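First comes the structure, then the notes that go with it.
These figures come from a predicted structure and were not determined experimentally.
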Amino acid sequence: MSRALIVIDVQESFRARGEDWPLVENPKIAEPVNRLVRLAREQGDTVVWVLHQEPGSDTVFDPVQGHVRLLAELEQPRPGELTVHKTSHNAFTTTNLQQQLTERGVTELVLCGIRTEQCVETTTRVGSDLGYRCTFVVDATTTHPIGGLSAAAIIERTTAVLRDRFARIATVDELVAAGAASAE
């Protein structure tokens, strides 16, 4: 298959921040992401797990702290699925992700994860610039309020700037329905 699901930063580091986790738009982000993972596997798509790390930072993103791991309630990687560790906002710049996708013949990306307007949006933009057809799965992303903007407003803004420029915007239900229709 020429499509890959990119699961970005759905990791314990965010929950380890403590009081800040309940402020995310969707603290149950694992549920829609798991639906996407199951769909991708059923369709034979490549599944890529991306984890953000900041070695030496002494923060929840420093691997020595033990939080740079997938949320416990997520479907866990299967043999053959890719896991990449990034140190930049997007999943391409500091990893070999593009090379890995090219070797697998991937031309289309389905993107989801934590920090809608940062890592997920930035990876979508870079992916689009690299020539991938991108689908941004809005209800499988989440973020925190920033600078007086609610998390919902940030997600709305991100969706508006990505739509028809960098990505097709979809929901998990839309993708599941499309997958069921193509299986008939």
Side-chain angles (χ1 to χ4, degrees), residues 1-14 29-30 32-55 61 63 68-71 74-143 158-159 161-172 174-183:
M1 183 52 88
S2 65
R3 186 173 44 231
L5 171 65
I6 313 294
V7 179
I8 303 167
D9 301 348
V10 185
Q11 65 191 71
E12 292 291 346
S13 303
F14 290 100
I29 184 71
V33 171
N34 281 337
R35 289 180 66 205
L36 289 175
V37 170
R38 288 190 295 270
L39 178 64
R41 288 172 175 165
E42 288 168 9
Q43 295 179 330
D45 296 345
T46 298
V47 177
V48 180
W49 304 91
V50 179
L51 293 166
H52 183 81
Q53 62 182 9
E54 298 171 1
F61 293 100
V68 180
R69 65 184 190 282
L70 296 172
L71 290 180
L74 272 180
E75 298 271 342
Q76 295 298 300
R78 290 185 177 170
E81 294 179 346
L82 297 173
T83 299
V84 297
H85 291 82
K86 65 181 181 62
T87 56
S88 63
H89 289 295
N90 77 79
F92 290 101
T93 303
T94 59
T95 71
N96 69 345
L97 179 59
Q98 183 180 11
Q99 175 187 352
Q100 295 283 342
L101 295 174
T102 299
E103 288 173 2
R104 288 166 173 75
V106 171
T107 59
E108 182 179 346
L109 306 179
V110 176
L111 301 109
C112 65
I114 294 181
R115 292 313 289 258
T116 307
E117 79 295 347
Q118 286 186 33
C119 300
V120 186
E121 177 182 344
T122 305
T123 300
T124 303
R125 287 173 178 258
V126 173
S128 176
D129 285 349
L130 291 172
Y132 296 99
R133 285 182 321 216
C134 295
T135 300
F136 184 88
V137 189
V138 66
D139 60 338
T141 73
T142 196
T143 197
T158 299
T159 302
V161 298
L162 290 177
R163 177 179 277 117
D164 300 329
R165 293 176 187 90
F166 297 97
R168 173 174 76 103
I169 307 301
T171 65
V172 175
E174 289 169 347
L175 294 180
V176 168
S182 68

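Nearest heavy atom pair, residue L36 against residue A140, reads CD1-CB, 3.5 Å. Minimum interatomic distance between G113 and V10 (heavy atoms only, all atoms of both residues): CA-CG2, 3.7 Å. Residues Q76 and L74 share a closest heavy-atom pair of NE2-O, 2.9 Å.
Note: L51 CG to E12 CD = 10.5 Å, rounded to the nearest 0.5 Å. Rounding to the nearest 0.5 angstrom, the gap separating the CD atom in E108 from the CZ atom in R3 is 5.0 Å. Atom CG in L82 sits 7.5 Å away from atom CG in L97 (nearest 0.5 Å). Distance check, rounded to the nearest 0.5 Å: CG of D129 to SG of C134 gives 9.0 Å. The structure places CD of Q118 at 7.0 Å from OG1 of T122, a figure rounded to the nearest 0.5 Å. Remark: T83 OG1 to L70 CG distance equals 6.5 Å, nearest 0.5 Å.
Listed by chain and residue number, F136, T141, T143, I155, T158 satisfy the side-chain contact (heavy atoms from CB on, under 4.5 Å) test with T116 (two or more places apart in sequence, or in another chain). Not counting sequence neighbours, the partners of A170 by the side-chain contact (heavy atoms from CB on, under 4.5 Å) test are T135, R168, E174, L175. With sequence neighbours left out, F61 forms a ring-ring contact (aromatic ring centres under 6.0 Å, His included) with F14, H52. Every residue two or more places apart in sequence or in another chain that forms a salt bridge (Lys or Arg N to Asp or Glu O under 4.0 Å) with E75 is listed here: R38, R41. Listed by chain and number, the residues in a side-chain contact (heavy atoms from CB on, under 4.5 Å) with T102 are Q98, Y132 (sequence neighbours excluded). S88 meets the side-chain contact (heavy atoms from CB on, under 4.5 Å) test with N90, T93, T94; sequence neighbours excluded.
Of the possible polar contacts, none joining the T171 side chain to the D139 backbone as a donor-acceptor pair under 3.5 Å is found. When atom types are taken as modelled, the side chain of S128 and the backbone of T124 share no donor-acceptor pair closer than 3.5 angstrom.
Using a 4.5 Å cut-off on side-chain heavy atoms (C-beta onward), V161 and E121 make contact. The side-chain heavy atoms of F92 and L101, taken from C-beta on, include a pair separated by under 4.5 Å. Side-chain atoms of V120 and I114, non-hydrogen and from C-beta on, never get closer than 4.5 Å to each other.
Checked against D9 for a side chain to side chain donor-acceptor pair (under 3.5 Å), the options Q53, R115, K86 give a single hit: K86.
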Checking side-chain contact (heavy atoms from CB on, under 4.5 Å) for the pair V110/D45: CA distance, chi angles, key distance, verdict?
CA-CA 10 Å; V110 176; D45 296 345; 5.7 Å; no
Determine, stepwise, if the pair C112 / V7 fulfils side-chain contact (heavy atoms from CB on, under 4.5 Å).
CA-CA 5 Å; C112 65; V7 179; 4.0 Å; yes
Worked check of side-chain contact (heavy atoms from CB on, under 4.5 Å) between H85 and V68:
CA-CA 9 Å; H85 291 82; V68 180; 4.2 Å; yes
Assess the residue pair R78 and V47 against the criterion (side-chain contact (heavy atoms from CB on, under 4.5 Å)); give the C-alpha distance rounded to whole Å, side-chain angles, the decisive distance to 0.1 Å, and a yes or no.
CA-CA 9 Å; R78 290 185 177 170; V47 177; over 6 Å; no
